[in-house]
Amino acid sequence: MKTTATNPSPQKVTGRFAPSPTGRMHLGNIFTAVISWLSVRKAGGKWILRIEDLDPQRSRQEYARQIEDDLAWLGLTWDEGGVDNLGPNGSYSQSQRGEIYARYLETLKETGLTYPCYCTRADIMSTQAPHQTDGRIIYQGTCRPAGFPTGKRTTDPTDRHATRLYVPDEEISFNDRVFGPQSYNLTRECGDFVLQRADGAWAYQLAVVVDDALMGVTEIVRGSDLLLSAAQQLYLYRLLGFTPPVYAHLPLICNERMQRLSKRDLSMSMEELRRNHTPQQLLGLIAHLANLTPTPTPLTLDELTTLFTWSAIPTQQSIIFNFKNLL
Ligand code: GLU
Ligand code: ZN
């Protein structure tokens, strides 16, 4: 066995913020950005800004530029990525990365675990039991060939179809940095999922895994609404032979009506937040929501970096936020 005098240096912590440029960011989005940035900066790592503009109808370049401007206003600097930049892996905008996703789709097809799906959304909805329709769609395997998975490579039909990936009927487990041990059975939770839509659009699950793996991302920080997606993504990491990242899902910020913030909560949009607060006030508020400080006292990013620790982050599903109580 070959020995060396020094240990290889451990891989540098690499985090990322991966917004979809479909509107102005709100408090929930910047909460995620700030926590991801703090974790990486505290570890002396690298932070990537990736633009998830896979949906051509809803994504706009001006929203992506606005996201950059809002991050810069807060002082959140990125080391790689952004709207116009190229890096070791090409563009950091998903709309420009289709050829890369196509290569990995081929790799997945070679496993023999994919199949063409001809269902419309209406077909899929009509197979849902009423209790399963809490917003989430569970694919029942309508187009799955008999005897699947056979491991046998069949020729792809040339007509218009989506490509689905077979999921095993087994638990996929991981340890979330905030929520602790997690276990999901993909057959029960989502069924065989789409890798590429019939119109050629790439599915989020495939794009995000390929990008995170090729960009060397070691730590994924995002909202707890994506916990199940982490299980789907870990399955893809396994099939593609990539090293999985550490996942840290964050509680979702909700308004006083207990609803998760959305682009409709205008008072929580960066437009309003920037009009009414300084960056330090907003960072102080985020620090308080993250349980890092007892009160929402204004803070600089340096002060916040010193205070940051994962052990403080609340582990409940949501954080109710009411401006009146806080500012
Ligand atoms: N683009 C996704 C969003 O804005 C985030 C995906 C992720 O962080 O994995 O919701
Ligand atoms: Zn189908």
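Only a predicted model underlies this, so the values are computations on that prediction, with no experimental measurement involved. Worth knowing before you read on, the calculation uses all heavy atoms, side chains too, and leaves out hydrogens, waters and symmetry mates. All ligand and atom numbering here is 1-based and tracks the order in the structure.
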Under 4.0 Å between a side-chain nitrogen and a carboxylate oxygen: does that hold for [X] and [Y]?
{"X": "Asp302", "Y": "Arg41", "value": "no"}
{"X": "Arg103", "Y": "Glu99", "value": "no"}
{"X": "Arg16", "Y": "Glu80", "value": "no"}
{"X": "Arg50", "Y": "Asp212", "value": "yes"}
{"X": "Asp69", "Y": "Arg274", "value": "yes"}

TODO: State whether the shortest distance between N or O atoms of Ala18 and N or O atoms of ligand 1 falls below 3.5 angstrom.
DONE: yes
Open item on the list: Below 4.0 Å from ligand 1: does a non-hydrogen atom of Phe17 turn up there or not?
Closed with: no
TODO: Just to the nearest 10 degrees, tell me the angle at the Zn ion (ligand 2) spanned by Cys117 SG and Cys143 SG.
DONE: 120°
Task: Angle in degrees, rounded to 10°, that SG of Cys119 and OH of Tyr139 form at the Zn ion (ligand 2) - done: 110°
- [ ] Go through the side-chain N and O atoms of Asn185 and Glu170 and say whether any donor and acceptor fall under 3.5 Å apart.
- [x] no
Go through ligand 1 atom by atom and flag the ones less than 4.0 Å from a non-hydrogen atom of [X].
{"X": "Tyr204", "result": "6 (C), 7 (C), 9 (O)"}
{"X": "Arg222", "result": "7 (C), 8 (O), 9 (O)"}
{"X": "Val208", "result": "9 (O)"}

- [ ] Identify, for atom 1 (N) of ligand 1, the protein heavy atom at the shortest distance, and state residue, atom and that distance.
- [x] Glu52 OE1, 2.6 Å
Open item on the list: Tell me the protein heavy atom at minimum distance from atom 3 (C) of ligand 1, and give that distance in Å.
Closed with: Ser20 OG, 3.6 Å
TODO: May I ask you to identify, for Arg16, whether its side chain, its backbone, both or neither come under 4.0 Å of ligand 1 on a heavy-atom basis?
DONE: side chain
TODO: May I ask you to establish whether Arg24 and Tyr63 are in a cation-pi arrangement, using a distance under 6.0 Å from NZ or CZ to the six-membered ring centre and at most 45° from the ring axis?
DONE: no
